[in-house]
*Asks:* 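Encoded as structure tokens, here's the structure I'll be asking about.
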Amino acid sequence: MNLEHVLVNRDADFVTITMNRPQRRNALSLAHLRELIDAFGAAGDSDASGIILAGSGPVFSAGHDFADVAEADLDGVSAILDTCLQLMELIESVPQPVVARVHGLATAAGCQLVATCDLAVAADSAGFAAPGGKGGWFCHTPMVAIARDIGRKRAAEMAYTGDTITAAQALDWGLVNRVVPAAELDDAVADLLGRATRGSRASKALGKRTLHQQLPLPRADAYRLATKVMAESSQSAAAREGMAAFLDKRPPKWTD
């Protein structure tokens, strides 16, 4: 891929996708969004077992690039937002677990990225905000993902005040999984993703897909879906090998 705004690096089983517009605080221009879609699409189609989303420079991502938005008409802004939605849906649909590596400030659609990733590890110096509430363009779309992570009351506080919350608050509120000193961030990301990618890749991919399918459903419907998928997947090669290894008291041998 010939990418201007994104760096892609493969290290063993993990692909790291790095937003690389430090001079623009990794703002999500239309071109940047499209490159992220290309990078995630390629990583999702690869044999990598996990994906890391990172940012270069002092900021993880400042959200939408106002230089693009301010000059766009309604159709233009809609195209930017639709492309952003395509990226968020792609992050949820790729078969691998995706972890956000948050080293600095993540605001608006940048915070939406963190909330959309399956997992998130933050440096203790990171911050998170949906600043539209104290400005003139409310963070409507970022709050879809953020609110589902942190709940209505806390989402309302973030959205209405626009205030930045600390990494410690983000951990307490459920927006991130871990908070560590900045010097330990890479090790913490690798540790969490390593543990999240153990086992059969096919089983993990099905698990991720079903998790996203059942979360918005009413409880009874979610159980019906999960029961059907769990029964059907019990017949898979991965499930059979996992159960046989447990019963035989031996390490499993995965073929995927």
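Side chains included, hydrogens not; waters and symmetry mates left out as well; all remaining heavy atoms used.
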*Asks:* Hey, does V121 have a side-chain heavy atom less than 4.5 Å from the side chain of R101?
*Replies:* no
*Asks:* Treating Ile, Leu, Val, Met, Phe, Trp and Tyr as nodes and any side-chain heavy-atom pair under 4.5 angstrom as an edge, say whether V114 and V144 lie in one connected cluster.
*Replies:* no
*Asks:* For the pair E241 (side chain) and K253 (backbone), establish whether a donor and an acceptor sit closer than 3.5 Å, ignoring hydrogens and angles.
*Replies:* yes
*Asks:* What closest approach, in Å, do T16 and A54 show between heavy atoms, and which atom pair accounts for it?
*Replies:* CG2-CB, 4.4 Å
*Asks:* Report yes if some heavy atom in the side chain of D73 is under 4.5 Å from a heavy atom in the side chain of V77; otherwise report no.
*Replies:* no
*Asks:* Salt bridge check, R34 against D38: does any charged N sit closer than 4.0 Å to a carboxylate O?
*Replies:* no
*Asks:* Assess the residue pair I146 and C111 against the criterion (side chain to side chain contact (heavy atoms under 4.5 Å, CB included)); give the C-alpha distance rounded to whole Å, side-chain angles, the decisive distance to 0.1 Å, and a yes or no.
*Replies:* CA-CA 7 Å; I146 296 169; C111 191; 3.6 Å; yes
*Asks:* Looking at L193 and P97, what are the two nearest heavy atoms and their distance?
*Replies:* CD1-O, 3.9 Å
*Asks:* Return the NE2 to CG distance between H103 and D124, rounded to the nearest 0.5 Å.
*Replies:* 13.0 Å
*Asks:* How many angstroms lie between CG in L28 and CG in L33, if you round to the nearest 0.5 Å?
*Replies:* 5.0 Å
*Asks:* Indicate if W254 and L206 have the same hydrophobic cluster label, given that clusters are the connected sets of ILVMFWY residues with side-chain heavy-atom separations under 4.5 angstrom.
*Replies:* no
*Asks:* Can any side-chain N or O of Q169 pair as donor or acceptor with the backbone N or O of T166 at less than 3.5 Å?
*Replies:* yes
*Asks:* For the side chain of D68 and the backbone of L30, is there at least one donor-acceptor N/O pair under 3.5 Å apart?
*Replies:* yes
*Asks:* Which heavy atom of P131 sits nearest a heavy atom of C139, and at what distance?
*Replies:* N-SG, 3.9 Å
*Asks:* Got a salt bridge between K204 and D256, using NZ or NE/NH1/NH2 to carboxylate O under 4.0 Å?
*Replies:* no
*Asks:* Identify whether V98 and L119 are in the same connected component of the hydrophobic contact network (ILVMFWY, side-chain heavy atoms under 4.5 Å).
*Replies:* no
*Asks:* Taking S233 for the side chain and M230 for the main chain, is one N or O donor matched with an acceptor at less than 3.5 Å?
*Replies:* yes
*Asks:* With side chain to side chain contact (heavy atoms under 4.5 Å, CB included) as the criterion, how do M19 and L36 come out once you've worked through the C-alpha distance, each side chain's angles and the decisive distance to 0.1 Å?
*Replies:* CA-CA 8 Å; M19 296 176 284; L36 285 168; 4.0 Å; yes
*Asks:* So how far is it from D82 CG to Q86 CD, rounded to the nearest 0.5 Å?
*Replies:* 9.0 Å
*Asks:* So does R152 have more than 12 non-hydrogen atoms from other groups sitting under 6.0 Å from CZ?
*Replies:* no
*Asks:* Do you know the tightest heavy-atom contact between G104 and A126?
*Replies:* O-CB, 3.5 Å
*Asks:* What residue among T107, L105, L53 forms side chain to side chain contact (heavy atoms under 4.5 Å, CB included) with F60?
*Replies:* L53
*Asks:* Between R154 and D172, does at least one N-O distance fall below 4.0 Å, as a salt bridge requires?
*Replies:* yes
*Asks:* Is the backbone N or O of G194 less than 3.5 Å from a side-chain atom of T197, with the two atoms forming a donor-acceptor pair by type?
*Replies:* yes
*Asks:* Ion pair present between D13 and R201, side-chain N to carboxylate O less than 4.0 angstrom?
*Replies:* yes
*Asks:* Determine, stepwise, if the pair N20 / V6 fulfils side chain to side chain contact (heavy atoms under 4.5 Å, CB included).
*Replies:* CA-CA 5 Å; N20 192 37; V6 175; 5.9 Å; no
*Asks:* Ignoring hydrogens, what is the shortest heavy-atom contact between A39 and V8? Give both atom names and the distance.
*Replies:* CB-CG2, 3.8 Å
*Asks:* In terms of hydrophobic clustering (I, L, V, M, F, W, Y; side-chain heavy atoms under 4.5 Å; direct or indirect links), are L3 and I51 co-clustered?
*Replies:* yes
*Asks:* Would a hydrophobic clustering, with Ile, Leu, Val, Met, Phe, Trp and Tyr connected at side-chain separations under 4.5 Å, put I150 with L113?
*Replies:* yes
*Asks:* So does G207 get a backbone contact from the side chain of T210, meaning a donor-acceptor N/O pair under 3.5 Å?
*Replies:* no
*Asks:* How long is the span from the CH2 atom in W173 to the CZ atom in F128, to the nearest 0.5 Å?
*Replies:* 12.0 Å
*Asks:* Determine yes or no for a side-chain-to-main-chain donor-acceptor pair under 3.5 angstrom, with R10 supplying the side chain and A12 the backbone.
*Replies:* yes
*Asks:* For I52 and I17, run side chain to side chain contact (heavy atoms under 4.5 Å, CB included): C-alpha distance rounded to whole Å, both residues' side-chain angles, the deciding distance at 0.1 Å, then the answer.
*Replies:* CA-CA 6 Å; I52 299 166; I17 297 171; over 6 Å; no
*Asks:* Restricting to non-hydrogen atoms, name the atom on T18 and the atom on S56 that form the minimum distance, rounded to 0.1 Å.
*Replies:* CG2-N, 3.8 Å
*Asks:* Taking the side chain as every heavy atom from C-beta outward, state whether D118 and H212 have any atom pair closer than 4.5 Å.
*Replies:* yes
*Asks:* Taking H5 for the side chain and A31 for the main chain, is one N or O donor matched with an acceptor at less than 3.5 Å?
*Replies:* no
*Asks:* Is a side-chain donor or acceptor of K208 paired with a backbone partner of Q96 at a separation under 3.5 angstrom?
*Replies:* yes
*Asks:* Does N26 reach the main-chain N or O of R21 with its side chain, forming a donor-acceptor pair under 3.5 Å?
*Replies:* yes
*Asks:* Would you indicate whether D11, at its atom CG, is surrounded by more than 12 heavy atoms from other residues, nucleotides or ligands within a distance under 6.0 Å?
*Replies:* no
*Asks:* Would one find more than 12 heavy atoms of other residues, nucleotides or ligands at under 6.0 Å from atom CZ of R250?
*Replies:* yes
*Asks:* Would you call E232 and K228 a salt bridge, using N to O less than 4.0 angstrom?
*Replies:* yes
*Asks:* Using salt bridge (Lys or Arg N to Asp or Glu O under 4.0 Å), reason through D191 and R178 one step at a time and then give a plain yes or no.
*Replies:* CA-CA 11 Å; D191 173 71; R178 302 281 187 279; 5.8 Å; no
*Asks:* Find the distance between CG (D163) and CE (M158) and round it off to the nearest 0.5 Å.
*Replies:* 9.5 Å
*Asks:* At what distance, to the nearest 0.5 angstrom, does CD1 of I91 lie from CZ of F40?
*Replies:* 4.0 Å
